[in-house]
Number of protein chains: 2
Amino acid sequence: MSDPGPEPRWLDDEERAAWRAMAGIVFGLPAALDAQLQRDAGVTHFEYTVMAALSETPGRTLRMSYLAILANGSLSRLSHVVKRLERQGWVERAPDPSDGRYTTATLTEAGWEKVVATAPGHVEAVRQLVLDPLSKTHVRQMREIGTRISHGLSPEGSCAAWPSPTSDE
Amino acid sequence: MSDPGPEPRWLDDEERAAWRAMAGIVFGLPAALDAQLQRDAGVTHFEYTVMAALSETPGRTLRMSYLAILANGSLSRLSHVVKRLERQGWVERAPDPSDGRYTTATLTEAGWEKVVATAPGHVEAVRQLVLDPLSKTHVRQMREIGTRISHGLSPEGSCAAWPSPTSDE
DNA sequence: GGCTGTGACTTGAAGGGTCAAGTAACAAAA
DNA sequence: TTTTGTTACTTGACCCTTCAAGTCACAGCC
């Protein structure tokens, strides 16, 4: 296909074992979390993330473009998803009064209730799948490791997103 | 939607920060790895995993059902994917002589060359995205953390399987 | 005011994944 | 030997995501 190039830096035993373990998470966890949300709430993880982001915003309203960043998805994907959420009556769209190019998405009362009803199960799943198997020390280490790797994935850090008191570092 | 239930065990600051960091990986890394393989080799990560698994087997042949476990996917998914790989001339299927219910998948010479040409770039991507940002200590910790979480995901461990540079070790 | 360029979405088609049936091969009972 | 059941795989329909246009709103220049 292409040239052989310089001798690749193969992984040693320790590295391969570590990557294999991480890969188990990376390719298995999304499916597990989606499964719980689908089963208990009939919602995808991305849909939940979108609604959760709105629910944590004062006024429960955000511009589509910013919401896309928060939810870590493309604008196109968000557009399709919000259309579905709108059909369910959980979200409403409206042009931004201050600039008609923007569209704002607002969580409806029904949407708020959906989030409130869904959140506990989701948090419980995160706890059982991710946190419970780890000691406090592990949790600290995971945070450090996760932060380092995430930084490399999206230079500005996918951290900008994520609603929460970012008290870190 | 449902009953309030017992008070959920919400995440504290440390836990939320750790989960947020991990989520960055879990929802970002697959896309990044797929992107590299798609761009440089026109192949999905799952397709690569399937071919890599075959390439590491003596005889480059495996039964579909075992291959599905190795590649961490459903039999249905594997069936669709192998059909595509067969169309490309990288894999061939044949009924197992010893039991007609089984189907065996065999990596062709062209498939072998595809793996050999693709592996270095993939390993390099894993290195850059996952290993390089970490110290040796972090790598050890990641292995431990990954192992613990993976165990909870699929009891028997998704460990059995794994792609890695064809030739070495 | 009309033109042009850019930004912010929206849309439709194409491709991959999952789920639910369906098929085919074997094994064991009748 | 036929029937029944199980295992292993395949297929088709539907859903979701991506990609490549297309649309609409505004801002700046003439």
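Naming convention: chains lettered A, B, ... in sequence-line order (proteins, then strands); numbering from 1 in each chain. The structure presented is a predicted model; accordingly, all values stated were derived computationally and were not measured.
Between A:Glu86 atom CD and C:dC9 atom P there is a gap of 14 Å when expressed in whole angstrom units. Taking atom CG on B:Leu75 and atom P on C:dT18, their separation rounds to 12 Å, with Å as the unit. When rounded to the nearest whole Å, the span between CZ of B:Arg63 and P of C:dA24 equals 20 Å. Nucleotide C:dG16 holds its C1' atom 14 Å from the CG atom of B:Leu78, rounded to whole Å. The nearest whole Å value for the distance from the CD atom in B:Gln88 to the P atom in C:dG15 is 13 Å.
When each of A:Lys83 and B:Val81 is assigned the nucleotide of DNA chain C bearing its nearest heavy atom, the one mapping closer to the 5' terminus is A:Lys83. Comparing A:Asp99 and B:Arg93, the nucleotide of DNA chain D nearest to each residue sits closer to the 5' end for B:Arg93.
Remark: A:Pro30 engages B:Val26, B:Phe27 in a side-chain contact (heavy atoms from CB on, under 4.5 Å) (not counting sequence neighbours). Under the rule for a side-chain contact (heavy atoms from CB on, under 4.5 Å), the partners of A:Ala18 that lie at least two apart in sequence or sit in another chain are B:Val139, B:Met142, B:Arg143. Under the rule for a side-chain contact (heavy atoms from CB on, under 4.5 Å), B:Ala31 has no partner lying at least two apart in sequence or in another chain. Residues meeting the side-chain contact (heavy atoms from CB on, under 4.5 Å) test with A:Ala68, sequence neighbours left out: A:Leu75, A:Leu78. In this structure, A:Glu92 has no salt bridge (charged side-chain N to carboxylate O under 4.0 Å, His left out) partners at least two apart in sequence or on a different chain. Every residue two or more places apart in sequence or in another chain was checked for a salt bridge (charged side-chain N to carboxylate O under 4.0 Å, His left out) with A:Arg140, and none qualifies. With sequence neighbours left out, B:Arg60 forms a salt bridge (charged side-chain N to carboxylate O under 4.0 Å, His left out) with B:Glu109.
Residue pairs meeting the salt bridge (charged side-chain N to carboxylate O under 4.0 Å, His left out) criterion with at least one partner in residues 95-106 of chain A, sequence neighbours excluded, are A:Arg63-A:Asp96, A:Asp99-A:Arg101.
For DNA chain D, the contact window with chain B, defined by any atom under 4.0 Å from a protein heavy atom, covers D:dT7 to D:dG12 in 5' to 3' order.
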Nucleotide N/O of nucleotides 19-23 of chain C paired with protein N/O under 3.5 Å:
unit_1, atom_1, unit_2, atom_2, d
C:dC19, N4, B:Ser76, OG, 2.8

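Using a 4.0 Å cut-off between a side-chain N of Lys or Arg and a carboxylate O of Asp or Glu, A:Asp132 and B:Arg9 qualify as a salt bridge. The residues B:Glu15 and A:Arg127 are annotated as salt-bridged, a charged nitrogen and a carboxylate oxygen being separated by less than 4.0 angstrom.
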Exercise answer: donor-acceptor pairs, residues 80-87 of chain A side-chain atoms, under 3.5 Å, sequence neighbours excluded:
unit_1, atom_1, unit_2, atom_2, d
A:Arg84, NE, A:Glu47, OE2, 3.2
A:Glu86, OE1, A:Arg93, NE, 3.1
A:Glu86, OE1, A:Arg93, NH2, 3.0
A:Glu86, OE2, A:Arg93, N, 3.1

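Scanning residues 38-47 of chain A for heavy-atom distances under 4.0 Å to DNA chain D yields an empty list.
Here A:Thr103 lies in heavy-atom contact (under 4.0 Å) with sugar-phosphate atoms only.
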